[in-house]
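From a predicted model like this one, the values you see are computed outputs, not experimental measurements.
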Amino acid sequence: MRLAPKSEASNAAAAVQRHVIEGIHALKLKTVSVRAGNAVRRYKVVQSDGPEDLVFPSVRTGSPMRDNNILTRHIKPAARKIDLGFVNWRCLRTSHATWLKLAGADVKDAQAQMRHSRTSTTMDIYQQFVPESQQRVVDKLSRLSTMVQ
């Protein structure tokens with residue numbers, strides 16, 4: 001069963017750094033061992049790698065992984081290791097949107113990364129106010145005005 005994206009904006013290629021692609025390709029060579037009673041079953045991490053296939057399917061069935069399983073089995077334990085408090089999908093998305101803003105991403109680029117159909121969703125719901133960011137903008141504007149004089 002393939003889940004359809006919520007909107008056309010969600011159905012697009014994602015820009016990632018080269019090392020991410022290399023890491024995904026490296027997964028093609030890996031297998032995982034899963035205990036099944038007294039037996040141990042081995043599964044290929046990447047069962048198929050066609051252009052329409054999932055990047056991270058369930059290793060046992062090849063179907064989409066449940067988002068709550070990913071969160072509780074992988075993301076929350078990793079967050080605890082680095083002493084992060086509460087972590088869920090929303091705070092991860094909010095952090096990503098805010099970091100894009102701090103990195104100087106244009107709002108249209110952030111919208112595309114977040115897969116939102118409207119920039120207002122990105123700006124009003126996900127990007128957070130960061131006082132240091134405002135100070136940098138004011139300083140930059142001051143430097144620009146000095147250049148014009």
Peer 1: In this structure, would Val16 and Ile24 fall into the same cluster of hydrophobic residues linked by side-chain contacts under 4.5 Å?
Peer 2: yes

Peer 1: Any link between Tyr43 and Leu29 through a network of hydrophobic side chains (Ile, Leu, Val, Met, Phe, Trp, Tyr) touching at under 4.5 Å?
Peer 2: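 Different hydrophobic clusters.
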
Peer 1: Consider only side-chain heavy atoms of I, L, V, M, F, W and Y, link residues closer than 4.5 Å, and tell whether Leu84 and Trp99 are in one cluster.
Peer 2: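 Different clusters: Leu84 never reaches Trp99 through Ile, Leu, Val, Met, Phe, Trp or Tyr contacts under 4.5 Å.
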
Peer 1: About how many Å separate CG of Leu102 and CD of Glu132, when rounded to the nearest 0.5 Å?
Peer 2: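 One finds 8.0 Å between CD of Glu132 and CG of Leu102.
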
Peer 1: If every non-hydrogen atom of Thr122 is compared with every non-hydrogen atom of Ala110, which pair is closest and at what distance?
Peer 2: CG2-CB, 3.9 Å

Peer 1: Under 3.5 Å, side chain of Ser33 to main-chain N/O of Val40, donor-acceptor pair present?
Peer 2: no

Peer 1: Out of curiosity, Leu27 CG to Glu22 CD, how far, rounded to the nearest 0.5 Å?
Peer 2: 12.5 Å

Peer 1: Once salt bridge (Lys or Arg N to Asp or Glu O under 4.0 Å) is applied, do any residues pair with Lys28, and if so which ones, sequence neighbours excluded?
Peer 2: Asp49

Peer 1: Just do the side chain to side chain contact (heavy atoms under 4.5 Å, CB included) check on Ile75 and Val87 with the steps written out, would you?
Peer 2: CA-CA 8 Å; Ile75 295 174; Val87 175; 3.8 Å; yes

Peer 1: Tell me, yes or no, whether the heavy-atom count around Arg118 atom CZ, taken from other residues, nucleotides or ligands under 6.0 Å, exceeds 12.
Peer 2: no

Peer 1: If you take all heavy atoms of Met65 and Pro57, which pair is closest and at what distance?
Peer 2: CG-C, 3.6 Å

Peer 1: As a quick check of understanding, evaluate side chain to side chain contact (heavy atoms under 4.5 Å, CB included) for Val130 and Lys101, giving each step before the final call.
Peer 2: CA-CA 9 Å; Val130 180; Lys101 177 182 176 181; 5.8 Å; no

Peer 1: Under the 3.5 angstrom rule, does the side chain of Gln111 hit a backbone N or O of Ser117 as a donor-acceptor pair?
Peer 2: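 Side chain of Gln111 to backbone of Ser117, a donor-acceptor pair under 3.5 Å: yes, one is there.
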
Peer 1: If you define the side chain from C-beta out and look only at heavy atoms, does anything of Arg115 sit under 4.5 Å from Thr121?
Peer 2: no

Peer 1: Kindly check if the number of other-residue, nucleotide or ligand heavy atoms within 6.0 Å of CH2 (Trp89) is above 12?
Peer 2: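 Atom CH2 in Trp89 is packed in, count exceeds 12.
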
Peer 1: Measuring from atom CZ of Arg90 to atom OG of Ser95, what distance do you get when rounded to the nearest 0.5 angstrom?
Peer 2: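 Spacing of CZ (Arg90) from OG (Ser95) equals 10.5 Å.
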
Peer 1: Quick one: do Gln135 and Asp139 satisfy side chain to side chain donor-acceptor pair (under 3.5 Å)? Show the steps, please.
Peer 2: CA-CA 6 Å; Gln135 187 60 51; Asp139 293 345; 2.9 Å; yes

Peer 1: Assess the residue pair Tyr126 and Thr98 against the criterion (side chain to side chain contact (heavy atoms under 4.5 Å, CB included)); give the C-alpha distance rounded to whole Å, side-chain angles, the decisive distance to 0.1 Å, and a yes or no.
Peer 2: CA-CA 7 Å; Tyr126 287 95; Thr98 303; over 6 Å; no

Peer 1: Can you name the closest pair of heavy atoms from Arg93 and Met114 and give their distance?
Peer 2: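 For Arg93 and Met114, the tightest heavy-atom pair comes out as NH2-O, 3.0 Å.
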
Peer 1: Hey, could you give me the CG/OG distance between Leu54 and Ser48, rounded to the nearest 0.5 Å?
Peer 2: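 It is 8.0 Å, given to the nearest 0.5 Å.
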
Peer 1: Do Lys44 and Gln47 have a side chain donor and acceptor closer than 3.5 Å?
Peer 2: no

Peer 1: Write out all pairs satisfying side chain to side chain donor-acceptor pair (under 3.5 Å) with one or both partners inside residues 72-85, taking only residues at least two apart or from two chains.
Peer 2: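 Matches after skipping sequence neighbours: none remain.
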
Peer 1: Under a 4.5 Å side-chain heavy-atom rule over Ile, Leu, Val, Met, Phe, Trp and Tyr, are Ile82 and Leu92 clustered together?
Peer 2: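 Result: yes, single cluster for both.
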
Peer 1: Run the side chain to side chain contact (heavy atoms under 4.5 Å, CB included) test against Val107 and tell me which residues pass, sequence neighbours left out.
Peer 2: Thr119, Met123

Peer 1: Does Val138 offer a backbone N or O that forms a donor-acceptor pair with the side chain of Ser142 under 3.5 Å?
Peer 2: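 A pair under 3.5 Å: no.
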
